[in-house]
Protein chains: 2
Amino acid sequence: MKEYERLFTEYLEARSQRLTQPRRLILEAVFSLHDHFDVEQLYHRLRIHNEEVSRATIYRTLPLLVESGLIQHSLRQADRDFYEHILGHPQHLHWICRKCGTVVETSLDMVLPLINKVASQQRFQIEDYQLNLRGLCWKCADNENENQ
Amino acid sequence: MKEYERLFTEYLEARSQRLTQPRRLILEAVFSLHDHFDVEQLYHRLRIHNEEVSRATIYRTLPLLVESGLIQHSLRQADRDFYEHILGHPQHLHWICRKCGTVVETSLDMVLPLINKVASQQRFQIEDYQLNLRGLCWKCADNENENQ
DNA sequence: CAATAAAGTGAGATTGATTCTCAATAAAGG
DNA sequence: CCTTTATTGAGAATCAATCTCACTTTATTG
Ligand SMILES: [Mn+2]
Ligand SMILES: [Mn+2]
Ligand SMILES: [Zn+2]
Ligand SMILES: [Zn+2]
């Protein structure tokens with residue numbers, strides 16, 4: 001049994017909830033993706049593999065995965081919420097191009113200790129890191145200059 | 001003439017746009033607020049002062065203020081976009097309590113040089129800083145423990 | 001293996017922030 | 001004034017996210 005299955009089961013059982021078939025399918029899909037995803041992408045990913053789960057169930061399951069610490073809501077783009085699994089993934093910065101939508105990740109190693117220090121100083125329990133920089137990637141910046 | 005008026009006028013004129021009465025009212029309201037605000041708050045702020053501007057115009061003006069560098073879209077909370085004016089305000093971190101909604105700001109002085117360095121390395125033009133940490137403030141964390 | 005209770009699901013309706021449309025109005029420049 | 005161009009307001013439209021509720025799974029018990 002994979003670790004994320006064990007953790008999710010534990011989380012659910014502690015609250016008298018069940019690891020049902022739809023939830024298991026969503027969990028597997030989430031960990032099969034290695035990129036940021038939104039509900040629509042997850043929905044189609046499941047359909048492609050003939051694993052039909054309703055959108056409503058996806059919308060209901062994502063908060064459970066967030067609460068259990070397996071995924072994180074880390075971006076908002078094009079009026080949609082994007083998630084990514086975080087189990088085993090170090091926190092990072094997101095560089096989001098407002099024009100082409102590309103998302104680049106860079107290390108937070110230099111910064112995380114400082115952030116955690118501030119957190120403990122004010123006794124703040126961090127649940128989600130949303131450390132996002134929006135602007136123009138170099139390609140799109142070059143294009144804007146060309147076309148004035 | 002205040003600096004933000006001058007800057008906004010310059011921005012508009014460079015694009016053959018006009019500093020109209022509604023836009024001027026919105027601009028003044030934005031700089032009269034010293035906190036994060038959303039469209040609804042701005043709308044009511046204006047109404048209170050008998051300065052009626054339609055929501056549509058507010059929604060149309062905010063992107064202009066963002067583009068001109070006077071304000072920033074820095075938070076999303078309770079399904080709403082929140083802005084704050086940034087002219088003369090140093091960038092900062094946001095600590096957002098998911099339970100009571102409180103937003104605390106802390107300095108970015110230690111971190112900003114590192115971020116800017118990474119930005120120039122990858123030639124990324126930053127337009128908005130959305131450096132947000134979500135979780136529980138100490139008060140809400142204490143409450144959760146009390147009530148198990 | 002039923003039978004029962006509790007938790008979960010899917011389809012479709014609903015909500016609500018944001019965007020769009022378009023006729024009417026305001027600003028700029030002669 | 002007059003003309004041109006930009007802007008506005010009211011209400012309709014959009015669409016991600018949430019909610020409702022009858023039906024289905026799952027777990028438990030005898
Ligand atoms: Mn990421
Ligand atoms: Mn702020
Ligand atoms: Zn780009
Ligand atoms: Zn709180």
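Everything quoted here is computed from the prediction, not taken from an experiment. Note that these values count all heavy atoms, side chains included, but never hydrogens, waters or copies made by symmetry. Letters A, B, ... are given to chains in the order of the sequence lines, protein chains preceding strands, and every chain is numbered from 1.
- Distance B/R15 CZ to D/dT7 C1': 14 Å, rounded to the nearest Å.
- One can place CZ of B/R24 at 14 Å from P of D/dT7, the figure rounded to the nearest angstrom.
- If you chain together hydrophobic residues whose side chains sit under 4.5 Å apart, B/I86 and B/L42 never meet in one group.
- A search for salt bridge (Lys or Arg N to Asp or Glu O under 4.0 Å) contacts involving B/K139 returns nothing, not counting sequence neighbours.
- Scored by the side-chain contact (heavy atoms from CB on, under 4.5 Å) test, B/L114 finds A/M110, A/V111 as partners (sequence neighbours excluded).
- Nucleotide C/dG29 holds its C1' atom 14 Å from the CD atom of B/E13, rounded to whole Å.
- Applying the salt bridge (Lys or Arg N to Asp or Glu O under 4.0 Å) rule to pairs touching residues 13-24 of chain B yields B/R15-B/E67, sequence neighbours excluded.
- Atom pair A/R23:CZ and D/dT25:P shows a separation of 15 Å (rounding to whole Å applied).
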Write down the protein N/O and nucleotide N/O pairs, taken from nucleotides 26-30 of chain D, whose separation is under 3.5 Å; answer none if there are no such pairs.
{"unit_1": "D/dT26", "atom_1": "O2", "unit_2": "A/R18", "atom_2": "NH1", "d": "3.2"}

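- In this entry the distance linking CD1 of B/I26 with P of D/dT7 reads 12 Å, nearest Å.
- The distance from atom CD of B/Q77 to atom C1' of C/dA17 is 15 Å, rounded to the nearest whole Å.
- In this structure, CZ of B/R80 is placed 21 Å from P of D/dC15, rounded to the nearest angstrom.
- Shortest non-hydrogen contact noted between A/G135 and B/F124 is N-CZ, 3.5 Å.
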Show me the donor-acceptor pairs, under 3.5 Å and distance only, between side chains in residues 29-38 of chain B and residues at least two apart or in other chains.
{"unit_1": "B/S32", "atom_1": "OG", "unit_2": "B/A29", "atom_2": "O", "d": "2.8"}
{"unit_1": "B/S32", "atom_1": "OG", "unit_2": "B/R45", "atom_2": "NE", "d": "3.4"}
{"unit_1": "B/S32", "atom_1": "OG", "unit_2": "B/R45", "atom_2": "NH2", "d": "2.9"}
{"unit_1": "B/H36", "atom_1": "NE2", "unit_2": "B/E84", "atom_2": "OE1", "d": "3.2"}
{"unit_1": "B/H36", "atom_1": "NE2", "unit_2": "B/H94", "atom_2": "NE2", "d": "3.0"}
{"unit_1": "B/H36", "atom_1": "NE2", "unit_2": "B/E105", "atom_2": "OE2", "d": "2.9"}
{"unit_1": "B/D38", "atom_1": "OD1", "unit_2": "B/E40", "atom_2": "N", "d": "3.3"}
{"unit_1": "B/D38", "atom_1": "OD1", "unit_2": "B/Q41", "atom_2": "N", "d": "2.9"}
{"unit_1": "B/D38", "atom_1": "OD2", "unit_2": "B/R80", "atom_2": "NE", "d": "3.2"}

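- Under the rule for a side-chain contact (heavy atoms from CB on, under 4.5 Å), the partners of A/V66 that lie at least two apart in sequence or sit in another chain are A/I71, A/Y83, A/D128.
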- Using a 3.5 Å limit on both pairing distances, list the dot-bracket string of DNA chain D from the 5' end; Watson-Crick and G-U wobble pairs count, crossing pairs take [ ], interstrand pairs take |. ||||||||||||||||||||||||||||||
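- Against DNA chain C, the stretch residues 27-63 of chain A makes heavy-atom approaches under 4.0 Å through A/E52, A/V53, A/S54, A/A56, A/T57, A/R60.
- In this structure, CG of A/L12 is placed 15 Å from C1' of C/dT9, rounded to the nearest angstrom.
- Partners of A/R123 according to the salt bridge (Lys or Arg N to Asp or Glu O under 4.0 Å) rule, which considers only residues two or more places apart in sequence or in another chain, are B/D142.
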Donor-acceptor contacts, no H, no angles, side chain residues 57-64 of chain A, under 3.5 Å, sequence neighbours left out:
{"unit_1": "A/T57", "atom_1": "OG1", "unit_2": "A/S54", "atom_2": "OG", "d": "3.1"}
{"unit_1": "A/T61", "atom_1": "OG1", "unit_2": "A/T57", "atom_2": "O", "d": "2.7"}

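- In this structure, the side-chain contact (heavy atoms from CB on, under 4.5 Å) partners of B/S107, at least two apart in sequence or on a different chain, are B/D109.
- Through side-chain heavy atoms spaced under 4.5 Å, either directly or across other Ile, Leu, Val, Met, Phe, Trp or Tyr residues, A/V103 is tied to A/L75, A/F82, A/I96.
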